[in-house]
Amino acid sequence: MENLLALVIGVLYAAGIYMMLRRSLVKLIIGLALLSNAANLLIFTSGGLVPARPPLIARGESALAAPFADPLPQALILTAIVISFGVMAFALVLFYRAAEEAGADDLDRLTSTDT
Amino acid sequence: MSDLILSTATRFLMPLFLTFAVFLLLRGHNEPGGGFIAGLVAAAGFALYSLAYSPGRMLQLLRVGPRTLIGWGLLLAAVSGLPALAAGTPFLTALWAKLHIPGLVNLKVGTPLIFDVGVFLTVVGVVLTVVVALQEEED
Amino acid sequence: MTALPLAVLSPFALSALAPWAHARLKHHAGWLLAVLPAILTAFFGSLMPLAASGAPASFRTPWVASAGVMFSFHADGLALLFAVLISGIGTFILIYAGGYLKGHPQQGRMFVFLLLFMGSMLGVVLSDNLITLFVFWELTSLTSYLLIGFNHEQERSRRAALQALVVTGTGGLAMLAGFLLLGTAAGSMELSEIVEKGDQIRSAALYLPVLILVLMGAFTKSAQFPFHHWLPNAMEAPTPVSAYLHSATMVKAGVFLLARLTPALGGTPEWEASLTVFGAATMLAGGALALVKTDLKQLLAYSTVASLGFMVMLLGIGSPYAVKGCLVFLTAHALYKGALFMVAGAVDHETGTRDASALSGLRTGMPFTAFAAVLAGLAMAGLGPWLSFIGKELALEAVLGGGNLWLTAVTVLTSASFVTVAGVTGLRIFSGPPSAAPKKAHEAPLSMWIGPVWLAIKGALLGLMAGKAAAFLAPAVSSVLGRPEQMKLALWHGVNAALGLSALSIALGAAAYIGWDRVRSAGRLGDTILKWGPDRLYDLSLDALSALARGQTRVVQSGYLRYYLLAVILTVMTLAGHALYSRGEPPVMVSTVPVTAYGAAVALMIVASAIAAVLLDTRLGAIAALGGAGGGVALVYVMYGAPDLAMTQFLVETLTIILFVLIIFKLPRFARLSRPWSRVRDGLISIAAGGMMAYLALVALHVDLHPPISSYFAENSVPAGFGRNVVNVILVDFRALDTLGEISVLGLAGLGAYALLKLRLSGRKAV
Amino acid sequence: MSVLTVIPVLIPLCCAVASLLARRSIRLQRKLAVAGTAALLFAAIGLMTAVLHHGVLCTQSGSWPAPFGITLVADILSSVMVMLTGLMGLAVAIYSLASMDEARERSGYYPLLHMLLAGVNGAFLTGDLFNLYVWFEVMLIASFVLLALGGERAQMEGAIKYVTLNLMASALFLAGVGILYGMAGTLNMADLSLKLRDTGHHGLITCVAMLFLTAFGVKAALFPVFCWLPASYHTPPVAVSAIFAGLLTKVGVYSLLRVFTLIFTQDIPYTHTIILWAAGLTMVTGVLGAFAQNEFRRILSFHSISQIGYMVMGLGLFSPMALAGSVYFLVHHSVVKTNLFLISGVAEKLGGSFELKKLGGLYSSSPVVAGLFFVVAMSLAGMPPLAGFVGKFILARAGLEAGQWVIVGVALAVGMVTLMSMTKIWGEAFWKGSPGTALPQPPSRKVLVTLLVPVAFLAALTVLTGIGAAPLIHVALRAAEQMLDNSQYIAAVLGEGMR
């Protein structure tokens with residue numbers, strides 16, 4: 001399963017990167033979203049897969065019984081998901097406004113500030 | 001027509017969402033859930049209301065501005081770490097108290113729960129801020 | 001001796017008061033400000049006996065001790081010779097500037113810069129620490145920049161100022177590197193210690209790099225060929241500046257440095273060859289170009305270039321005669337050239353022109369100035385019984401002693417050119433019938449003729465009282481030679497070869513003076529050379545740099561986001577890929593968790609969604625596909641024990657899609673914007689990048705160097721965190737700080753999105 | 001004592017929340033901006049003093065022992081950086097009072113500014129790799145919003161590039177953290193340092209190191225991944241540009257310094273040679289970029305890149321003197337570059353433009369501004385006796401000691417080109433005659449004084465840290481020693497027994 005997930009991660013990265021390299025703002029943000037999913041999945045996988053043993057301590061117990069899914073990567077990913085959600089929401093609005101200012105969705109029309 | 005369906009459905013769904021959110025928030029420390037998830041659910045409820053009626057009516061219902069909610073949420077989360085400093089322990093050290101009402105409640109209440117409430121309020125505030133702004137953008 | 005650093009710093013302190021003095025006293029402030037350098041002259045003079053006795057005054061205190069930088073000063077003979085010249089001439093320059101720039105709105109700044117320069121220059125010659133010396137050295141470049149560009153609204157002034165700064169600054173940086181290496185080779189940064197270790201340094205492997213780098217500094221500063229061009233251009237500066245910086249003091253800093261380092265670096269064939277060759281080339285170039293100029297300041301500037309070459313050549317020869325000749329000539333040159341520049345300035349000021357071919361008969365209108373000019377002119381020609389005459393004799397003897405015929409010829413020719421220039425600047429314009437100048441010539445005010453008169457007389461007196469001059473210069477000569485040296489100066493050396501050559505040069509110079517007009521018309525060649533000379537080269541290299549800069553920026557900073565992204569992707573692929581390739585081990589391809597049908601289906605769903613997101617042509621389709629991929633990831637979380645994660649992912653995914661949908665329909669539809677080949681290129685790069693990340697994941701999966709720390713959370717969640725959902729306890733307690741940051745991000749994102757939608761300042765200006 | 005490590009994060013955080021809640025009163029927010037940043041500076045000085053006297057300070061947040069909780073650590077490097085945050089924050093807060101437009105103030109400028117400072121300080125103080133990511137994101141989102149706030153078209157264009165490339169970098173950073181956790185099972189940097197020492201798994205660790213190098217390289221604006229910076233830094237209001245220039249890239253450099261002295265030290269000949277190359281190329285491309293520009297703030301932006309090269313050069317050389325040079329340069333560059341941006345704003349107020357062509361005559365009309373600019377610009381160009389020279393000198397010395405002639409040559413040559421482009425601004429905006437376009441409304445005296453107070457203060461600082469460089473160099477050398485011998489850091493975080 002790990003090998004399969006590694007492949008999935010690779011595909012997500014490839015798709016994300018390809019989308020980001022387009023000229024469309026919408027595709028760019030879709031690419032970003034794919035990329036953050038890929039990163040999260042990468043963390044999840046490299047932390048080790050443990051099927052169906054969530055890190056929930058049973059009522060009355062005082063500790064998790066091994067084997068259990070590593071709770072720390074989960075917490076990290078959760079934080080990362082929330083952060084990327086926030087950032088994505090902002091980026092969406094930003095891109096919308098940029099497209100509005102530029103009158104187009106085309107990134108190639110947004111090059112005036114560079115040189 | 002669809003507005004009618006939506007608004008009727010909302011009238012039922014909204015309290016359900018909010019109750020569920022509170023439930024998720026309170027049990028989050030022990031079962032799946034927690035401030036963030038609960039916040040999203042609650043925000044979904046309000047957002048539905050806002051879509052069904054209008055942002056203005058939703059804000060009336062909410063009473064507090066969503067941006068103020070963000071402020072309070074952050075404040076609560078940050079402040080929940082401060083009593084620890086007063087107690088001479090590092091920032092964010094949890095302080096717990098037993099809340100015991102015989103027959104009704106028997107649980108531990110601590111600053112981490114306040115923290116989680118802060119998370120909850122922030123999430124609700126953020127989602128509603130964005131949704132309202134976007135909705136107003138439509139007009 | 002604390003007085004030493006205080007003396008160096010005093011001009012800096014005074015410069016802070018100069019604007020105030022100028023505001024009160026206007027142009028008379030020059031007289032008041034000149035009091036300080038006058039005192040300094042006396043002070044440095046009073047230190048001479050100490051230097052002569054072999055126990056010079058010195059001062060040392062740590063500055064940046066950890067980097068070997070001391071704030072240290074050492075007043076030996078050489079330093080004091082320069083210090084006296086700097087403060088002595090500086091006295092008259094301040095007075096002169098008061099008269100010359102009378103009524104100029106920025107005269108106060110002139111005083112400030114002149115004083116800053118004076119302090120910097122004193123620092124250069126008195127510093128004992130290499131780095132301290134460098135600091136002051138660069139300060140002279142900076143103040144010189146401000147002074148050359150004094151007429152800042154003129155393009156030419158700005159260009160000249162920048163050119164001087166660039167040329168001397170580049171040399172200065174090379175010199176800094178040279179100093180650092182010299183410090184390493186000598187094991188000390190203190191000059192007084194370095195000069196004792198000549199043998200050690202000359203035999204060190206670093207000797208040649210040190211020599212080359214230090215010479216870069218000295219040659220650029222002292223306007224040696226082919227770096228000489230900035231000096232004539234610097235004549236854009238007001239005359240007080242030209243007289244002070246660009247004839248009497250700053251340009252001699254390079255000569256000073258060479259003299260200072262002679263005991264440490266001198267005496268090798270490399271030293272001798274480079275100094276004599278560059279010196280001689282400079283003499284020829286300067287001497288020749290001086291003859292074809294008619295602008296008084298240009299004439300003097302080129303002859304200054306030649307003089308600097310002369311001094312460098314003499315230091316290259318390095319014999320006692322040569323060193324004595326160099327220092328005597330240096331002193332004499334400072335006096336007469338300073339005087340002549342001030343004369344040129346006075347003439348310009350009073351007549352409105354500096355064109356020597358258009359001026360004549362000024363002696364009646366400007367008698368004092370004429371007196372100074374004639375005296376200084378005689379000195380420059382090496383005619384009168386003045387100090388310069390002695391210097392020339394010594395120098396010729398040194399050149400003859402070296403037995404190098406070429407150098408002898410060059411020296412004679414250059415001396416001849418000096419005679420001609422002296423004739424033009426000191427005699428020609430004052431004699432004959434008065435010319436029709438733009439303004440009718442009147443004598444300049446006292447402040448403008450006292451300086452030249454004094455300096456010219458001083459040069460004459462020192463020659464007549466050769467014994468006094470010898471006593472004054474002997475400690476300096478000892479410093480340069482690195483051993484105590486007896487010094488006797490006499491006007492009359494008897495009839496010898498040197499005297500003969502001297503007479504020859506005078507005859508040649510006189511002939512050229514008489515036929516000056518013809519010499520100039522023959523000198524068109526000189527103008528052609530100038531056109532294609534180093535000055536042009538400077539422009540060309542600036543243009544080339546500029547073109548390179550623009551070209552590079554167009555490529556690197558193209559403005560296209562996708563190229564920037566490509567840069568990041570290719571960078572990380574190259575770096576990480578190379579690290580894996582060159583230092584990695586192949587991944588273990590064995591899965592420990594079996595593939596289930598459900599798992600395979602989810603994987604397929606994610607892959608299919610991702611591919612669909614890429615391929616779909618409609619916005620809604622692409623977004624739905626994105627949702628599918630996100631949902632699939634959530635299912636993975638469900639399968640492998642992460643319910644909180646899965647819930648969050650589902651909710652966030654839904655919400656993201658709602659936001660997308662709210663916004664997306666306000667944006668234009670997808671259009672196929674990119675060309676097919678770029679799609680292919682991007683496709684290949686994406687696949688390669690994805691492949692690399694997959695490979696990385698495969699490697700990472702099976703490298704477990706240490707067990708994770710999470711067993712601590714598993715054990716402490718309930719007893720210490722009072723919660724059974726370990727993930728939640730981590731979020732709100734173990735790692736609450738993360739969550740605090742996280743909601744801050746969220747909050748800001750919300751506020752930001754709101755502000756962005758509500759605040760639209762487009763078309764409005766805001767700073 | 002250990003509470004000192006939290007306060008630099010808490011003060012701006014609380015100020016941000018307070019300003020947020022006091023949304024309607026701009027006057028209160030303004031007062032809070034100055035008071036809060038002043039308090040931050042004060043706290044930073046306290047932290048610095050404590051660290052210098054008592055060694056590395058730690059707080060185990062939530063009382064959870066390291067490496068399980070999140071540790072906040074202040075060593076000398078961190079406290080120097082926190083001090084910078086305080087300084088830049090205060091300077092920019094004061095400057096904002098007179099320069100920020102009311103529309104932006106009403107739209108949350110001050111909370112964003114505080115939050116930016118909180119994020120930056122969090123990044124400087126955290127001892128946990130994932131927490132570093134979180135603070136990075138706080139800082140980033142605050143900067144995103146600050147950059148875009150106002151919604152002018154140029155801002156939008158700049159923000160898109162800035163946001164996208166930084167998110168890309170964050171994704172790399174996150175992936176690196178994930179892989180590192182999978183490998184070493186910990187996130188605490190001191191713990192990581194111990195656990196990755198002598199592991200033998202060079203390949204993967206070095207590969208992850210490269211992920212971090214790229215990610216932080218983007219944030220620090222290293223060659224060839226700096227393109228977001230020149231595209232965006234000149235688009236927002238001057239106060240925003242100034243705080244960005246002073247702090248944001250520095251967080252990237254700080255992170256490079258931190259992870260490449262603490263965690264990734266297994267393969268120094270490989271990793272640090274790459275860093276040295278990146279440093280050299282960054283210097284050259286940055287300075288050439290600047291040379292091609294004709295707009296005040298664009299020139300400054302490109303120079304930021306080239307100067308980052310110097311800071312990273314010290315890391316590449318990896319000797320006590322070199323690292324001290326990096327630390328010194330970090331401080332110097334923040335002070336100077338922030339100030340130059342502030343001055344560009346003053347020039348714009350006086351001359352009506354950022355375009356050099358349209359500026360002119362300031363040397364005659366505003367001698368004080370001209371004098372301040374000249375001093376600060378010359379410091380950037382590395383002229384003695386100003387701070388820029390000291391930094392360059394120390395790095396050159398360290399480079400020659402290490403036998404790296406080429407990089408020293410490059411550094412010195414780049415200094416020369418920097419000097420030329422500073423004189424370009426000087427020649428065009430100050431020396432050149434005024435182009436004669438009348439300003440619609442010249443700034444009032446009160447506004448001008450408020451603008452010039454922070455400018456003069458920072459200018460004085462660059463003179464003082466140049467002429468009186470010894471104390472700062474002493475601190476920088478101590479910081480470098482701590483970085484090279486990280487046992488102090490590790491012991492402070494994990495306890496004495498864990499060395």
Side-chain angles (χ1 to χ4, degrees), chain A residues 1-4 6-15 17-18 20-21 23-24 26 30 33 37 41-42 45-46 49-57 62-64 69-72 74-75 77-79 81-83 85-90 92-94 96-97 99 105-107 111 114-115, chain C residues 553 557 559 561-562 565 569 591 593 595 599 603 606-607 610 613-614 619 622 626 630 633 640-643 645 648 652 656 659 663 667-668 673-674 682 686-687 689-691 693-694 697-698 700-701 708 710 713-715 718-719 724-727 730-731 738 742 745-746 749 752-753 756-757:
Chain A
M1 193 67 207
E2 290 101 320
N3 293 349
L4 192 59
L7 181 73
V8 170
I9 291 167
V11 170
L12 280 175
Y13 267 109
I17 288 171
Y18 183 81
M20 288 179 75
L21 291 174
R23 274 165 64 176
S24 152
V26 180
I30 291 176
N37 270 324
L41 202 55
L42 178 64
T45 323
S46 69
L49 295 181
V50 179
R53 297 290 303 238
L56 296 168
I57 300 169
S62 71
L64 273 179
D70 191 340
L72 189 54
Q74 293 190 18
I77 297 170
L78 211 150
T79 308
I81 291 177
V82 177
I83 288 178
F85 165 67
V87 173
M88 204 62 72
F90 175 76
L92 254 173
V93 172
L94 173 70
Y96 157 64
R97 288 279 292 113
D105 174 41
D106 183 0
L107 273 167
T111 59
D114 283 72
T115 43
Chain C
T553 311
Q557 199 70 31
L561 178 61
R562 56 182 186 281
L565 284 166
I569 292 159
S591 289
V593 180
V595 180
I606 301 176
V607 170
V614 170
R619 291 166 295 177
L626 172 67
V633 172
Y640 296 101
L645 220 45
T648 312
V652 162
T656 310
L659 291 182
I663 280 177
L667 293 175
L673 293 167
S674 49
D682 294 347
S686 312
I687 290 169
M693 290 312 285
L698 282 177
L701 274 172
S710 34
F713 305 123
E715 283 155 20
V718 167
R724 288 182 288 111
N725 180 354
V726 183
V727 173
I730 293 177
L731 285 174
D738 276 348
E742 168 206 312
V745 173
L746 206 59
L756 213 51
L757 287 168

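Every chain is numbered from 1, with letters handed out A, B, ... down the list of sequences.
In terms of heavy-atom proximity, A:Gly10 sits nearest to C:Ala694 at CA-CB, 3.9 Å. Listed here is the closest heavy atom pair of A:Val8 and A:Leu41: CG1-CD2, 3.8 Å.
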CA sep, side-chain torsions, deciding dist, call: C:Ile606, A:Asn37, side-chain contact (heavy atoms from CB on, under 4.5 Å): CA-CA 10 Å; C:Ile606 301 176; A:Asn37 270 324; over 6 Å; no
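No donor-acceptor distance shorter than 3.5 angstrom exists from the side chain of A:Glu2 to the backbone of A:Thr45, with no hydrogens or angles considered. Although no hydrogens or angles enter the test, the distance criterion places no donor-acceptor pair under 3.5 Å between the side chain of A:Gln74 and the main chain of C:Val726.
Heavy-atom pairs under 4.5 Å with chain A were tallied for C:Ala714, C:Ala749, C:Gly752; the largest tally goes to C:Ala714. Considering only heavy-atom pairs separated by less than 4.5 Å from chain C, the leading option among A:Val50, A:Leu7, A:Val87, A:Leu94 is A:Val50. Interface summary for chain A: among C:Ala603, C:Ala613, C:Ala642, C:Ala622, the most heavy-atom pairs under 4.5 angstrom belong to C:Ala642. Chain C forms more heavy-atom pairs under 4.5 Å with one residue of A:Pro55, A:Ala15, A:Ala99, A:Ser46 than with any other, namely A:Pro55. Contact count versus chain C (heavy atoms, under 4.5 Å) is highest, among A:Leu21, A:Ile9, A:Val11, A:Leu56, for A:Leu21. Ranked by heavy-atom pairs under 4.5 Å with chain A, the list C:Val633, C:Leu746, C:Asp738, C:Leu701 is led by C:Leu701.
Within the 4.5 angstrom heavy-atom criterion, only side-chain atoms of C:Val745, from C-beta onward, approach chain A. Using a 4.5 Å cut-off between heavy atoms, A:Leu4 touches chain C through its side chain atoms alone. Only the side chain of C:Ile569 comes within contact range of chain A, with heavy atoms under 4.5 Å apart. Using a 4.5 Å cut-off between heavy atoms, C:Leu659 touches chain A through backbone and side chain atoms alike. If you measure heavy-atom distances from A:Leu92 to chain C, the contacts under 4.5 Å come from both the backbone and the side chain. Both the backbone and the side chain of A:Val82 come within contact range of chain C, judged by heavy atoms closer than 4.5 Å.
Side chains of A:Tyr96 and C:Leu756 form no contact here, defined as non-hydrogen atoms less than 4.5 Å apart.
For the atom pair CG (A:Leu64) and CG (A:Asp70), the distance works out to 10.0 Å, reported to the nearest 0.5 Å. Distance check, rounded to the nearest 0.5 Å: CZ of C:Arg619 to CD1 of A:Ile30 gives 10.5 Å.
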